[in-house]
Amino acid sequence: VSPAASPSPSLNTEDAQKKLEETAAQNNVALPEENQINKKALKDFAAYVNNLKNQGKLDLNKPFEIVIEAELDEKGKLQNPRFTKKVGDENLIDLFGRMVAALNDSGFLIYLQPISKDNPGAKVIITVKQGENEVLASVSSETSSSARAESVAGILNNLLFFGAGSRSGKDEEVIMKNTSATPDGNKVVVNFSMPRQSVVDMIKKQLEPGA
């Protein structure tokens with residue numbers, strides 16, 4: 001597996017899409033077509049968020065932390081997700097728990113397929129935490145060996161790099177650019193971090209009429 005790609009300023013959206021498809025094909029990862037991503041799950045989630053906002057129950061600035069454990073099936077979907085930690089604002093805990101479920105139902109987590117192919121039924125630990133300045137999210141999952149953890153992390157970083165290029169100008173680009181995979185023993189840890197205000201602004205933008 002080639003190491004994670006280094007940024008190339010000349011890579012346009014079309015080239016990035018081609019590279020993404022090549023990387024996926026080389027590593028036997030099935031990328032979702034645009035129409036395969038279940039937008040209904042994401043729209044239902046957006047409607048739920050809007051409802052909370054209209055009831056005055058949505059304060060995106062409060063600190064919270066959740067940990068969700070699950071198993072990963074061969075299609076990169078979470079099975080039997082359960083909370084193992086809930087700290088902080090009840091509404092935000094519920095909100096981000098639903099967000100993980102919506103991402104799972106939509107098929108967006110298919111990017112985790114390299115892990116599930118390497119180690120079917122792998123245990124996954126998802127942590128989402130909001131402090132004063134940052135929102136942090138991590139997905140930690142066991143692979144079959146430390147060598148495979150390094151290899152899978154490299155594949156995921158390539159998918160994220162080319163995936164970001166292919167979604168240029170969209171929120172997914174921002175999310176993927178702020179996400180990276182690193183090996184930790186026989187685990188792969190996918191980390192996302194962004195300034196809290198940037199995440200709040202992104203969510204608020206989604207709540208605007210016509211978004």
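When every heavy atom of Ile115 is checked against every heavy atom of Ala122, the shortest pair comes out as CG2-CB, 4.3 Å. What you find for Leu95 and Tyr48 is that their closest heavy atoms are CD1-CE2, 4.1 Å. Glu65 approaches Thr127 most closely through the heavy-atom pair OE2-CG2, 3.9 Å. Leu103 approaches Ser106 most closely through the heavy-atom pair O-OG, 2.9 Å.
Annotation: the span from Leu159 atom CG to Gln113 atom CD amounts to 9.5 Å, rounded to 0.5 Å. Between atom OG of residue Ser166 and atom CD of residue Glu14 there is a gap of 11.5 Å, rounded to the nearest 0.5 Å. Here the NZ-CD1 distance, from Lys85 to Ile68, works out to 13.5 Å after rounding to the nearest 0.5 Å. The distance from atom CZ of Phe162 to atom OG1 of Thr23, rounded to the nearest 0.5 Å, is 5.0 Å. Rounded to the nearest 0.5 angstrom, Asn133 CG and Arg196 CZ are separated by 7.0 Å. Distance CG/Asn91 to CZ/Phe64: 11.5 Å, rounded to 0.5 Å.
Counted by atom type alone, Ser151 and Arg148 present one or more donor-acceptor pairs between their side chains at under 3.5 Å. Side-chain atoms of Asp73 and Gln79 include a donor-acceptor pair closer than 3.5 Å. The closest side-chain donor-acceptor pair between Glu21 and Gln17 falls under 3.5 angstrom.
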Show every donor-acceptor pair shorter than 3.5 Å between a side-chain atom in residues 177-191 and any protein atom, with sequence neighbours excluded, or say none if there are none.
unit_1	atom_1	unit_2	atom_2	d
Lys177	NZ	Glu173	OE2	3.2
Asn178	ND2	Val174	O	2.7
Thr179	OG1	Ile175	O	2.6

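Side chain of Arg82 to main chain of Asn80: a donor-acceptor pair is present (N/O by atom type, distance under 3.5 Å, no hydrogens or angles). No side-chain donor-acceptor contact under 3.5 Å links Asn50 to the backbone of Ala46. Although no hydrogens or angles enter the test, the distance criterion places no donor-acceptor pair under 3.5 Å between the side chain of Asn104 and the main chain of Lys77. The backbone N or O of Pro114 lies less than 3.5 Å from no partner atom in the side chain of Asp118, so there is not a single donor-acceptor pair. A donor-acceptor pair under 3.5 Å links the side-chain atoms of Asp89 to the main chain of Leu92, judged by distance alone.
Grouped by direct or indirect side-chain proximity (heavy atoms under 4.5 Å, Ile/Leu/Val/Met/Phe/Trp/Tyr only), Val67 sits with Ile125.
Other residues, nucleotides and ligands contribute more than 12 heavy atoms inside 6.0 Å of the CD atom of Gln55. For Gln197, the CD atom is densely surrounded, since the number of other residues' heavy atoms within 6.0 Å is greater than 12.
Between Leu72 and Leu78 there is a side-chain heavy-atom pair separated by less than 4.5 Å. Between Asn27 and Asn158, every side-chain heavy-atom pair lies at or beyond the 4.5 Å cut-off. Looking at heavy atoms from C-beta onward, Phe45 lies in side-chain contact with Met99 at the 4.5 angstrom threshold. Taking the side chain as every heavy atom from C-beta outward, Val49 and Leu58 approach each other to under 4.5 Å. Residues Glu71 and Val124 fail the side-chain proximity criterion, which asks for heavy atoms closer than 4.5 Å. Side-chain contact between Glu134 and Met194 is absent, with no heavy-atom pair separated by less than 4.5 Å. In this structure the side chain of Leu20 never reaches within 4.5 angstrom of the side chain of Phe161, judged on heavy atoms.
For Lys123, the side chain to side chain donor-acceptor pair (under 3.5 Å) test picks out Glu69, with sequence neighbours left out.
Lys19 and Asp15 are not joined by a salt bridge, as no carboxylate oxygen comes within less than 4.0 angstrom of a charged side-chain nitrogen.
At a threshold of 4.5 Å between side-chain heavy atoms, the hydrophobic network of Ile, Leu, Val, Met, Phe, Trp and Tyr places Phe192 and Leu136 in two separate groups. Following chains of ILVMFWY side-chain contacts shorter than 4.5 Å, one cannot reach Ile126 starting from Val87, and the two form parts of different hydrophobic clusters.
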